[in-house]
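Sending over a structure as structure tokens; questions will come in a sec.
Quantities reported herein were computed from a predicted structural model and do not represent experimental measurements. Throughout, a chain's letter reflects where its sequence line sits, starting with A, and its residues are numbered from 1.
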There are 4 protein chains.
Amino acid sequence: MSKEKNSKIHENKIIKRNKLFDAAYDLFITKGFTSTAIDDIVKKAGVAKGTFYLYFKDKYDIMDHLILSKSSSVIKEALQKIKDENYDNYIDRVISFTDYIVEYFKNNKMLLKIIHKNLSFGLFRKALQKPEEYKEMKEAADLLLSSLKKEGFSNDRIEKVLFMVIELTGSVIYSSIILEEPDTIENMKPVLFMMIKKMLTI
Amino acid sequence: MSKEKNSKIHENKIIKRNKLFDAAYDLFITKGFTSTAIDDIVKKAGVAKGTFYLYFKDKYDIMDHLILSKSSSVIKEALQKIKDENYDNYIDRVISFTDYIVEYFKNNKMLLKIIHKNLSFGLFRKALQKPEEYKEMKEAADLLLSSLKKEGFSNDRIEKVLFMVIELTGSVIYSSIILEEPDTIENMKPVLFMMIKKMLTI
Amino acid sequence: MSKEKNSKIHENKIIKRNKLFDAAYDLFITKGFTSTAIDDIVKKAGVAKGTFYLYFKDKYDIMDHLILSKSSSVIKEALQKIKDENYDNYIDRVISFTDYIVEYFKNNKMLLKIIHKNLSFGLFRKALQKPEEYKEMKEAADLLLSSLKKEGFSNDRIEKVLFMVIELTGSVIYSSIILEEPDTIENMKPVLFMMIKKMLTI
Amino acid sequence: MSKEKNSKIHENKIIKRNKLFDAAYDLFITKGFTSTAIDDIVKKAGVAKGTFYLYFKDKYDIMDHLILSKSSSVIKEALQKIKDENYDNYIDRVISFTDYIVEYFKNNKMLLKIIHKNLSFGLFRKALQKPEEYKEMKEAADLLLSSLKKEGFSNDRIEKVLFMVIELTGSVIYSSIILEEPDTIENMKPVLFMMIKKMLTI
DNA sequence: GATGAATGAGTCTTCATTCAT
DNA sequence: GATGAATGAAGACTCATTCAT
């Protein structure tokens, strides 16, 4: 009975945390991070102000969790896709993976805006150090890494090249989707994929 | 006499504007953008608060001008360097250009921090539309473009590829210099240059 | 004209500062220090919140100034009284001085409450170091000191004894007026004066 | 059996109360009264927040009990000392008593700080009205009172003089130990004792 | 053109207290 | 009796911007 009680309380806590999470997400992508006040978040979540501080340290804390959570879920989906498709060429796999992410952000411009301005690799590093919580990321990273290793990439280079592919992709996505600079994402995609292929060819 | 007086007044205005500019620059790279208040800027510049709004729309406005001005001067220097060196290989030219910029930001970490967080290509676009004011940028762009054109790059692709090279370089510089992620800039450089070469090879 | 203008502005500033001062005083003695919010003060003074911070660092700052200002004015009055009376006995002078202060606080219980809880000798020390601003205090201190010196008190002891007389007086005043402990001020007075006489007798 | 159970429960309650008491004491003298939150106290005591309110009305309540308890125990020790020493001069007895308290607070500066800011004679009055709980205080008071009575002090005056001696001692201790104003406690002691002697001499 | 006093909305954060479990 | 999640009022302080002089 005590267990049941605790589980109910625990459940409530998760629900409340999620309410805050969702409210913050909605507001951040609608009004932007800076223009969103804690007050807005709690009002939308239907909880008291103090409750916010029970679950998050401050506005930056909830933002970090948000970025990680959203990124993680995109990556998870992209990962599932390439698993299902079963390419035997590793470059095709990377391209397909990338394509999924491009398409995702085409439909989530505001999220892209938010994420981009607040993204830091420190965040991802932390995430990869908690494999239980962000196992999709870990899995995605490992899959790509092992693919490249098989192709004869030196250990030393793999990480750096992958990092650059990711950074380039991120930049192009942001710039072309949000600013249409230097061109629309549709026109950038073929060039981007070509570049990725070149970068990944030994 | 009226002319003389006017020119003196005009000169005074430029001096005042520059004072604000320099003060803002010093403060931004010391304390960061967010932590710098208009109040700090005007105090350091030795002018009244209202005067700030006579010369700049707001804090973002002065920041944009700052980024443009500083970027422009780095590019100018890099440009001068590759002109002096006289490579006949266009890829070497790009690498040398890039190298100059990397080295510059290694010695100006704070500026790099500021610029990165506030960079937008809209800014550069505007700059390129005022060739008289930012002629170094225009020149640099034209030089690289014509080099690639000679090599047989299709007009359509040149701009996009160049854009990607710049974005990749920017990302790597920021990440490796500021965060040492995924490695130090020294260790990233050879890989970065290799990637650039691949990207620029037909 | 410029002078006139400046003096008008300067005058306005003093008026505004005084408004805040008076509002704070009224509220502190009515509601107490802790229960008075900056908001209350500015509303009562009829100025904006930010204006408060133009004149005072925080609530403690205005309180310190208040204590000093009020103490200073009581002391000034007490000083004037003993000057007018022209006692030739130094003990009578001290007693008369003390009596004035006792009577003053009998009629200003709330001020006594506030002052007592926030009094610190550091404050007075600072005040005595600005003789131009708090010259009454300086004068009072010097007068008493020189009286005792003439009577043969060793320099070493004068300050300590005077300190104790002041502390004792303060304690008795506070306790008897505010708490009527251990008796009313009327009944404490003769004993207090007797004790002071004993303390000041060589 | 019911009795046994009840006594065990009762014991548990006392233990819990003491835990809160000790935790509060430690925190108050470490961080100060205002900076200590109920939350800190219950965490340190290892109980839930609500439990605090089962034993104490609020933060002021636990503070009052703390002051009384600590004061009572110092006084008890001081009392024991003068009993052991067996002076036949009543003034020496008071001086010795005082000296013990001075020495005690020299080694417990933080406690002194806390007590001073929150001391009120109302507290002691209450204590003296519960002789069973604070019998040391009652005893000390009676001992000193009867000493003075024997010397011919009028009943009326005894209480007041004693009150003043206590107040003076308290003020000097606080000021000299905490602020070293107007001098260190070592240098104040001889003057303080001399004053006490004068005050107690008929 | 220049000034700088004044504004007041906006923001985060703390914490004593309650009450359903 | 005990718990601790939830509350939400209360509070201090900041700062970009305006405008009368």
Electrostatic pair A/Asp39:A/Lys43 at N-O distance under 4.0 angstrom
yes
Whole angstrom value for the distance that separates P of E/dG4 from CD1 of B/Ile41
17 Å
When the distance from CG of A/Leu20 to P of F/dA6 is rounded to whole Å, what number comes out?
10 Å
Using a heavy-atom cut-off of 4.0 Å across all strands, would you classify D/Val42 as base, sugar-phosphate, or nothing?
nothing
Looking at every strand, decide which applies to C/Leu54 at a 4.0 Å heavy-atom threshold: base, sugar-phosphate, or nothing.
base
Whichever of A/Ile38 and D/Ser35 has the more 5' nearest nucleotide on DNA chain E, that residue is A/Ile38
Please step through side-chain contact (heavy atoms from CB on, under 4.5 Å) for the pair A/Phe21 and A/Ser69, ending with a clear verdict.
CA-CA 10 Å; A/Phe21 214 74; A/Ser69 156; 3.7 Å; yes
Between P of F/dA5 and CD1 of A/Ile15, the distance in whole Å:
15 Å
Geometric cation-pi criterion C/Lys16 and C/Tyr55, 6.0 Å radius, 45° cone
no
A/Tyr60 OH to E/dT13 C1', in whole Å, measures 14 Å
Reckon B/Lys13 has a side-chain N or O less than 4.0 Å from the OP1 or OP2 of E/dG1?
yes
Under the side-chain contact (heavy atoms from CB on, under 4.5 Å) criterion, do A/Lys59 and A/Ile38 qualify, and how do the steps go?
CA-CA 7 Å; A/Lys59 213 166 63 159; A/Ile38 302 284; 4.0 Å; yes
Using a distance-only criterion (donor-acceptor N/O pair, under 3.5 Å, no hydrogens), is the base of E/dT17 paired with the side chain of D/Lys49?
yes
Pick base, sugar-phosphate or nothing for D/Asp58, based on heavy-atom distances below 4.0 Å to the nucleic acid.
sugar-phosphate
Using ring centroids (six-membered ring only for Trp), state whether C/Phe56 and C/Phe52 fall under 6.0 Å.
yes
Heavy-atom count check: over 12 atoms from other residues, nucleotides or ligands less than 6.0 Å from B/Lys113 NZ?
no
Figure out the CG/C1' separation between B/Asn12 and E/dT3, and round it to whole Å.
16 Å
Measure the distance from CE on D/Met63 to P on E/dA16 and round it to the nearest whole Å.
13 Å
Heavy atoms of other groups near A/Lys31 NZ, more than 12 under 6.0 Å:
yes
Using OP1 and OP2 only, check whether a side-chain N or O of C/Tyr55 sits under 4.0 Å from E/dA6.
yes
Does C/Thr51 make a side-chain N or O approach to OP1 or OP2 of E/dT7 shorter than 4.0 Å?
yes
Just verifying a value: how many Å separate C/Ile41 CD1 and C/Ile62 CD1, rounded to the nearest 0.5 Å?
5.0 Å
Atom CZ of B/Phe52 to atom P of F/dT17: distance rounded to whole Å?
8 Å
For a quick check of understanding: with a heavy-atom distance under 4.0 Å over all strands, which category does C/Asp39 fall into, base, sugar-phosphate or nothing?
nothing
Consider the side chain of B/Ala48, meaning its heavy atoms from C-beta on, and name the nucleotide among E/dG4, F/dA16, E/dA16 that approaches it most closely.
E/dG4
Specify the separation, in whole Å, of atom NE2 of C/His10 and atom C1' of E/dT3.
16 Å
In dot-bracket notation, what is the pairing pattern of DNA chain F, taking Watson-Crick (N1-N3 plus N6-O4 or O6-N4) and G-U wobble (N1-O2 and O6-N3) contacts under 3.5 Å, with [ ] crossing and | for other strands?
.||||||||||||||||||||
Does E/dA5 have OP1 or OP2 sitting under 4.0 Å from an N or O in the side chain of C/Lys16?
no
